[in-house]
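Quick notes on the structure that follows.
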Amino acid sequence: MKAVFFDLDGTLFDTLEDIKAAIDYAIRAYDGESVPLCDVRRYVGRGLRRALANAIVEHCPPIQEEGEQELMYQLMLSYYRKHPADHTSLYPGMGELLSSLKEHGIMMGVISNKADEIVHQIIGKLSPVDFDYVQGACGKFPLKPDPGALLSAMEQFSLSPDDVVYVGDSWVDEETARRAGVRSLIVSYGFSTKDELEARGIAVSAENVASLARVLSQSL
């Protein structure tokens with residue numbers, strides 16, 4: 001193993017409360033109701049725009065005018081930019097895991113469907129290590145499970161599929177790794193439960209960060 005790429009939400013960081021706050025801020029401006037955390041958990045994984053769209057359908061009065069949903073999305077982003085990590089934190093043990101990988105000379109990257117600027121803000125505020133590659137949603141690549149961002153990073157760092165492990169917490173991440181031809185490690189401590197993952201035929205590699213660290217150490 002020469003490189004580990006991570007998903008962000010539900011894999012490196014517990015970001016659920018801040019995503020909820022940004023969604024709530026946007027839909028309350030349009031007479032929507034506060035979105036329960038359990039629903040936010042269902043919405044995440046395919047980008048903030050889709051998460052908001054799901055929240056609008058289930059928790060907001062019908063949109064009457066063309067363009068209102070885009071205005072709500074921009075409102076959500078404006079809030080999230082100002083509050084990227086009020087309640088967000090690394091999962092317990094993740095800081096030590098990242099530091100250990102860095103000490104072993106492992107190249108590390110983050111690939112997220114979250115807006116690129118917010119990804120960089122969260123990592124800049126909370127990560128104990130510098131990542132070699134960070135890519136969020138910015139229009140340069142399609143969103144995961146399209147493997148474009150991962151394949152581009154592999155090309156940039158001259159990595160073969162055998163060199164890479166991709167760590168995530170959802171079927172989106174498993175599919176991303178599969179399409180890129182790399183090994184995936186899917187965790188169940190994040191935004192997808194073990195039962196939800198196994199119902200999709202996805203084997204859970206780790207149920208907590210300590211287990212993830214043990215699995216990764218076997219490839220060092």
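Within the 3.5 Å criterion, the main-chain N or O of V187 finds no donor-acceptor partner in the side chain of D169. A side-chain donor-acceptor contact under 3.5 Å links D24 to the backbone of V35. Looking only at distances, no side-chain donor or acceptor of S184 sits under 3.5 Å from a matching main-chain atom of I186. Between the side chain of R183 and the backbone N or O of P161 there is no donor-acceptor pair closer than 3.5 Å. Panel note: side chain S100, backbone L97; no donor-acceptor pair is recorded below 3.5 Å. A donor-acceptor pair under 3.5 Å links the side-chain atoms of K144 to the main chain of I111, judged by distance alone. Judged purely by atom type and a 3.5 angstrom limit, S78 uses its side chain to pair as donor or acceptor with the backbone of L75.
Annotation: the span from E58 atom CD to R42 atom CZ amounts to 4.5 Å, rounded to 0.5 Å. With rounding to the nearest 0.5 angstrom, the CE atom of M72 is 12.5 Å from the CZ atom of R49. Atom CG in L197 sits 9.0 Å away from atom CG in D195 (nearest 0.5 Å). Rounded to the nearest 0.5 angstrom, H59 NE2 and I27 CD1 are separated by 7.0 Å. Note that OG1 of T176 and CG of D7 are 8.5 Å apart. Values are rounded to the nearest 0.5 Å. The CG atom of L37 sits 4.5 Å away from the CD atom of E17 when rounded to the nearest 0.5 Å.
Here E117 pairs with R81 under the salt bridge (charged side-chain N to carboxylate O under 4.0 Å, His left out) rule; sequence neighbours left out. In this view, R200 satisfies the side chain to side chain donor-acceptor pair (under 3.5 Å) rule with no residue, not counting sequence neighbours. For the ring pair (Phe, Tyr, Trp, His ring centres under 6.0 Å) test, residues two or more places apart in sequence or in another chain that qualify with H83 are Y79. Evaluation of the side chain to side chain donor-acceptor pair (under 3.5 Å) rule for E103 yields no partner, not counting sequence neighbours.
Across every non-hydrogen atom of L52 and A26, the tightest pair is CD1-CB, 4.3 Å. Taking each heavy atom of L98 and S127 in turn, the nearest pair found is CD1-OG, 4.5 Å. Residues L126 and A85 share a closest heavy-atom pair of CD1-CB, 3.9 Å. Taking each heavy atom of N113 and G45 in turn, the nearest pair found is ND2-O, 3.0 Å. Taking both residues in full, the closest heavy atoms of R179 and P145 are given as CD-O, 3.4 Å, listed atom of the first, atom of the second, then distance. Across all their heavy atoms, D173 and G168 have their closest contact at OD2-CA, 3.4 Å.
Sparse packing is recorded around CD of E155, with 12 or fewer heavy atoms of other residues, nucleotides or ligands lying under 6.0 Å away. The number of heavy-atom neighbours closer than 6.0 Å to NZ of K102, taken from other residues, nucleotides and ligands shown, is above 12. Atom OH of Y25 has 12 or fewer heavy atoms from other residues, nucleotides or ligands within 6.0 Å.
Using a 4.5 Å heavy-atom threshold, the side chains of Y30 and L71 count as touching. Between I118 and L48, some side-chain heavy-atom pair lies under the 4.5 Å cut-off. M154 has its side chain within reach of V182: a pair of non-hydrogen atoms, C-beta onward, lies under 4.5 Å apart. No side-chain heavy atom of T88 sits less than 4.5 Å from a side-chain heavy atom of K125.
Note on E196 versus R41: no salt bridge recorded, every NZ/NE/NH1/NH2 to OD/OE distance being 4.0 Å or above. Salt bridge present: E175 and R178 bring a charged side-chain N and a carboxylate O closer than 4.0 Å.
At a cut-off of 3.5 Å, with distance as the only test, no side-chain donor of K2 or S160 sits close to an acceptor on the other residue. Side-chain atoms of D18 and Y80 form no donor-acceptor pair, as typed in the model, at a separation below 3.5 Å. Under 3.5 Å, the side chains of S211 and N208 contain a donor-acceptor pair of N or O atoms.
Applying the ring-ring contact (aromatic ring centres under 6.0 Å, His included) rule to pairs touching residues 188-220 yields Y91-Y189, sequence neighbours excluded. Pairs engaging residues 94-145 under the ring-ring contact (aromatic ring centres under 6.0 Å, His included) rule: none recorded [sequence neighbours left out].
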* To do: Before giving the answer on side chain to side chain contact (heavy atoms under 4.5 Å, CB included), spell out for D163 and M107 the whole-Å C-alpha distance, their side-chain angles and the decisive distance to 0.1 Å.
  => CA-CA 10 Å; D163 296 331; M107 179 262 171; over 6 Å; no

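In the hydrophobic clustering of ILVMFWY residues, with side-chain heavy atoms under 4.5 Å counting as a link, Y166 and L8 come out apart. Grouping the Ile, Leu, Val, Met, Phe, Trp and Tyr side chains by contacts below 4.5 angstrom, directly or via other members, places M94 with L16. Hydrophobic clustering (ILVMFWY, side-chain heavy atoms < 4.5 Å, transitive): L212 and L90 are in one cluster. Note on F6 and F13: same hydrophobic cluster, where clusters join Ile, Leu, Val, Met, Phe, Trp and Tyr whose side-chain heavy atoms are under 4.5 Å apart, directly or indirectly. Under the 4.5 Å side-chain contact rule for hydrophobic residues, V204 and V209 do not share a cluster.
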